[in-house]
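Below is one structure, written out as structure tokens; the observations come after it.
Keep in mind that this is a model prediction, so the values were computed, not measured.
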Amino acid sequence: MGLLLTGISPRAARALFDKEFAPFCLEASLRQNFNKLKDLKDKKYINQNQWYLLFPRFPDVPMSSTFDVTLIITLLRNLTNVNSPHGGFDKLPTANETTTGSDLARIKVGGQSLKQECDQLKTKILDQTNKEIILEIKNSKSQIEELKSEMKKLKAEQDEVIPKNIRGK
């Protein structure tokens, strides 16, 4: 279950997202939908950290690889023509519902190859899963450390570029 939630589901959602919002024009698509996105932020469907990912400061550009699965699904549900399942996105669809919307509601999108991976997880040996989850956690930890280091560098660069009297401190 851990692999499904941390590995396959985000990749599957991102694959669909990148089909709907081509990476080379993602920034333009987001700017075009600014008012809808602002409304979603005001309604607390998008939090402040996610907002910064959607509209980063220049020279950065938004990239789906930085979006969490919650943000990806929020954008797919609200900015595309994906039809909701019969019971809506917040209810588990029946097994015979096979639309993209029902897949999103299950957090299991991306086509047959990823469905097969999900099916294989049902019978995966728990010990192997534990090893893979631990490896995933270690990878995440190193990524977090890299991000912290990058943030320190950016802060140092900002301190050099912006004099203290301009920042008001």
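- Nearest heavy atom pair, residue P62 against residue P56, reads N-CG, 3.7 Å.
- Salt-bridge annotation for R14 and D18: absent, with no side-chain N of the basic residue lying under 4.0 Å from a carboxylate O of the acidic one.
- Checked by atom type and distance alone, the side chain of T100 never pairs as donor or acceptor with a backbone atom of V82 at under 3.5 Å.
- Rounded to the nearest 0.5 Å, atoms NE2 (H86) and CG (N96) are 7.5 Å apart.
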One pair to check against side chain to side chain contact (heavy atoms under 4.5 Å, CB included): I73 and F17. What are the steps and the verdict?
CA-CA 8 Å; I73 290 180; F17 183 87; over 6 Å; no
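- Under 3.5 Å, the side chains of K41 and Q48 contain a donor-acceptor pair of N or O atoms.
- More than 12 heavy atoms of other residues, nucleotides or ligands sit less than 6.0 Å from atom CZ of F55.
- Remark: N81 CG is loosely packed, at most 12 non-hydrogen atoms of other residues, nucleotides or ligands lying under 6.0 Å away.
- In this structure, the separation between CG on L30 and CG on L53 is 10.5 Å, given to the nearest 0.5 Å.
- Two rings, from W51 and F34, have their centers less than 6.0 Å apart.
- Going from atom CG of L104 over to atom CG of N83 covers 11.0 Å, rounded to the nearest 0.5 Å.
- Rounding to the nearest 0.5 Å gives a distance of 10.0 Å between CD of E27 and CG of D60.
- The CD1 atom of I46 sits 11.0 Å away from the OG1 atom of T70 when rounded to the nearest 0.5 Å.
- Judged purely by atom type and a 3.5 angstrom limit, Q50 uses its side chain to pair as donor or acceptor with the backbone of N47.
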Pair F21-L79, side chain to side chain contact (heavy atoms under 4.5 Å, CB included): steps then yes or no:
CA-CA 10 Å; F21 299 95; L79 301 182; 3.7 Å; yes
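- Evaluation of the ring-ring contact (aromatic ring centres under 6.0 Å, His included) test over residues 133-155, restricted to residues two or more places apart or in two chains, returns none.
- In this structure, N78 and T74 approach most closely via the heavy-atom pair ND2-O, 2.8 Å.
- Heavy atoms only, all atoms of each residue included: N33 and S29 are closest at ND2-O, 2.9 Å.
- Here the straight-line distance linking atom CZ of R31 with atom CG of L26 works out to 10.5 Å at 0.5 Å rounding.
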